[in-house]
Enquirer: 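Below is a structure I'd like to ask you about.
In what follows, chains are A, B, ... by sequence order, proteins preceding strands, each numbered from 1.
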Protein chains: 2
Amino acid sequence: MSQENINSKLNFHVSVDCVVFGFEFGKLNVLLLERKMNYEGQEFKDLKLPGDLVRKDEDLDTAAARVLKELTGLDNIYLRQYAAIGTPNRLTRQERDMEWLRQIGHPEEVVVTVAYYSLINIDQERINKFELRDDAKWKPVSQISELAFDHMEILNDALTALRDELRFNPIGFELLPSKFTLSQLQKLYEVILGSTLDKRNFRKKVSNMPYVIPINEKEKGVSHKPARYYIFSKKVYEKTRKSSLDFFV
Amino acid sequence: MSQENINSKLNFHVSVDCVVFGFEFGKLNVLLLERKMNYEGQEFKDLKLPGDLVRKDEDLDTAAARVLKELTGLDNIYLRQYAAIGTPNRLTRQERDMEWLRQIGHPEEVVVTVAYYSLINIDQERINKFELRDDAKWKPVSQISELAFDHMEILNDALTALRDELRFNPIGFELLPSKFTLSQLQKLYEVILGSTLDKRNFRKKVSNMPYVIPINEKEKGVSHKPARYYIFSKKVYEKTRKSSLDFFV
DNA sequence: TGTCTTAGTGTATTAAATACACTAAATGCT
DNA sequence: AGCATTTAGTGTATTTAATACACTAAGACA
């Protein structure tokens, strides 16, 4: 391959985009950034996913973790790469997307992006470190119908990947505080999977999971029977998980 | 962000790498390319995954399909993106990898690669179109222990992704000819999942899959009781699949 | 005709999934 | 003090799926 040929293929940006999920008050939320711009003489506002260009000296996972740290102040949050997208016109399908790239001084170049979703819960240990960027907002997933660029597709794919993983891996706990009630856990599954579950069967299943451990602590100040708290033990999970297959045994 | 800053991030190559699986004579094989070079005065040979730089005007999936077409002459083969890898030194960890890049005139640049695995079977309809590149060879997966660059890791991740998908989706059929016997199907699962299965239970399970359909045709010329052929119907599968969950209902 | 080889079949047991309704414990109101 | 309201928490019977296991059938070939 000639040198010229190679250089004509060189001009890629590579970015990471992060779909940050949170779960609160029985709703699945996602962290989005406000995008403001002058467009056709008017102020135009919409929402986009947090993301950034990858630096030449960093790993993709490192870049995603850096974006999250800059966004939330938090380290060590659950991150999963689920797709890479390189559709040539993915940033320039809408006139206002092109205008925004011009206004922020970003060249209209092909950007291959690597998509991650992350799961965060703001529990007591971390709440003091948690500091959201000013332009970041939690939005209920159910109320988002449009985003900048191809970010709506990226979000939808993140949801699909999240559901797939939630079915087979104990990642739901990442979205709950370290102490949680079984009703919270059940609600989380119901909301993300989009179906209702039978309370007694759900609890029967949980009681067969040695890594979901009841602790001697109850809810306080609720005007009904207080629920017991449980914790998830990753250690016990690693030890006791059995490989199970669905399609064939 | 300053223009300078952006340009310093611009110099990415983006490539696709393809892990092409095939199944024959009860073995899982993968298509690899021979890499030949002068190294320390000697001829040095090893193996690498097929792949190529992505062109600026093509989609990632398109690039992967193009690589496969150039490699095998075949269109329309099962392709699945399963990872993106961007470790900064991924191509330059070994001196001989750097030497090879020099010898083919490829600059030592950071190459973010998007990994695909594909499943192919060479059945009667396609065999006339099938023409392997001269430097391509089928190798049994079980006999591969070392590859160029980070390709061994990429292959191992492909295997993990393949196993994960095989458990829950009817992709095994992609590795078999359109007409296959149940023993072939069982062997395929056994080889890929690395476990043995009970013949009667396996067949019981298959008989509950309306999309695995017996046809009125038997093996010929085998020196034992000839097996019946079956076909997989994607159409019936789409109609009858039920969503099942493993971790929670 | 017999031997070799792989195909093909059924049943009993155990484990898991499902469907379903009442009592318990706290708060707050009168 | 007692009652209403709200969510937590529990068990059993039924259906369905998973497992364990051994013999007969059909063709090739000597």
Enquirer: Nearest whole angstrom, please: distance from the P of dG27(D) to the NZ of K220(B).
Expert: 12 Å

Enquirer: Starting at atom CD of Q186(A), determine the distance to atom P of dG9(D), rounded to an integer number of angstrom.
Expert: 11 Å

Enquirer: In whole Å, what is the span from the NZ atom of K204(A) to the P atom of dA19(C)?
Expert: 11 Å

Enquirer: Once hydrogens and angles are ignored, does a donor-acceptor distance under 3.5 Å link the base of dA16(C) to the side chain of N208(A)?
Expert: no

Enquirer: Whole Å only: how far is the CG atom of N201(B) from the C1' atom of dT14(C)?
Expert: 13 Å

Enquirer: On DNA chain D, does the nearest nucleotide to D198(A) precede the nearest nucleotide to E219(A) from the 5' side, or the other way round? Give the residue.
Expert: E219(A)

Enquirer: Please confirm whether the backbone N or O of A115(B) pairs with a side-chain atom of D17(B), one donor and one acceptor, at under 3.5 Å?
Expert: no

Enquirer: Measure the distance from OH on Y230(A) to P on dA8(D) and round it to the nearest whole Å.
Expert: 12 Å

Enquirer: Given side chains that start at C-beta, do those of Y237(B) and N169(B) come closer than 4.5 Å, heavy atoms only?
Expert: yes

Enquirer: What is the nucleic acid contact for R228(B), judged by heavy atoms within less than 4.0 Å: base, sugar-phosphate only, or nothing?
Expert: sugar-phosphate

Enquirer: Base, sugar-phosphate or nothing for S183(A)? Non-hydrogen atoms, less than 4.0 Å.
Expert: sugar-phosphate

Enquirer: Just the rounded figure in Å: distance from C1' of dA7(C) to OH of Y229(B).
Expert: 13 Å

Enquirer: Would you please classify the geometry between the F168(A) ring and the F168(B) ring as parallel, tilted or perpendicular, with 30° and 60° separating the classes?
Expert: parallel

Enquirer: For the backbone of K45(B) and the side chain of E34(B), can you confirm whether one donor and one acceptor N or O come within less than 3.5 Å of each other?
Expert: no

Enquirer: Parallel, tilted or perpendicular, judged at 30° and 60°: which one describes the rings of W138(B) and F130(B)?
Expert: parallel

Enquirer: Determine, for nucleotides 21-30 of chain C in 5'-to-3' order, which nucleotides have protein heavy atoms under 4.0 Å from the base (write B), from only the sugar-phosphate (write S), or from neither (write -).
Expert: B--BBBS---

Enquirer: Has K205(A) got a side-chain N or O lying under 4.0 Å from the OP1 or OP2 atom of dA17(C)?
Expert: yes

Enquirer: Between C1' on dA8(D) and CD on E217(A), what's the gap in Å once rounded to a whole number?
Expert: 16 Å

Enquirer: Using modelled atom types only, decide if a donor and an acceptor are shared between the side chain of Q184(B) and the backbone of T181(B) within a distance under 3.5 Å.
Expert: yes

Enquirer: Find the distance F202(A):CZ to dG11(D):C1' and express it as a whole number of Å.
Expert: 18 Å

Enquirer: Pairs under 3.5 angstrom only: tabulate donor-acceptor contacts from the side chains of residues 214-221 of chain A to other protein residues two or more places apart or in another chain.
Expert:
from: N216(A); atom 1: OD1; to: R228(A); atom 2: NH2; distance (Å): 3.3
from: E217(A); atom 1: OE1; to: K179(A); atom 2: NZ; distance (Å): 3.2
from: E217(A); atom 1: OE2; to: K179(A); atom 2: NZ; distance (Å): 2.8
from: E219(A); atom 1: OE1; to: A227(A); atom 2: N; distance (Å): 2.9

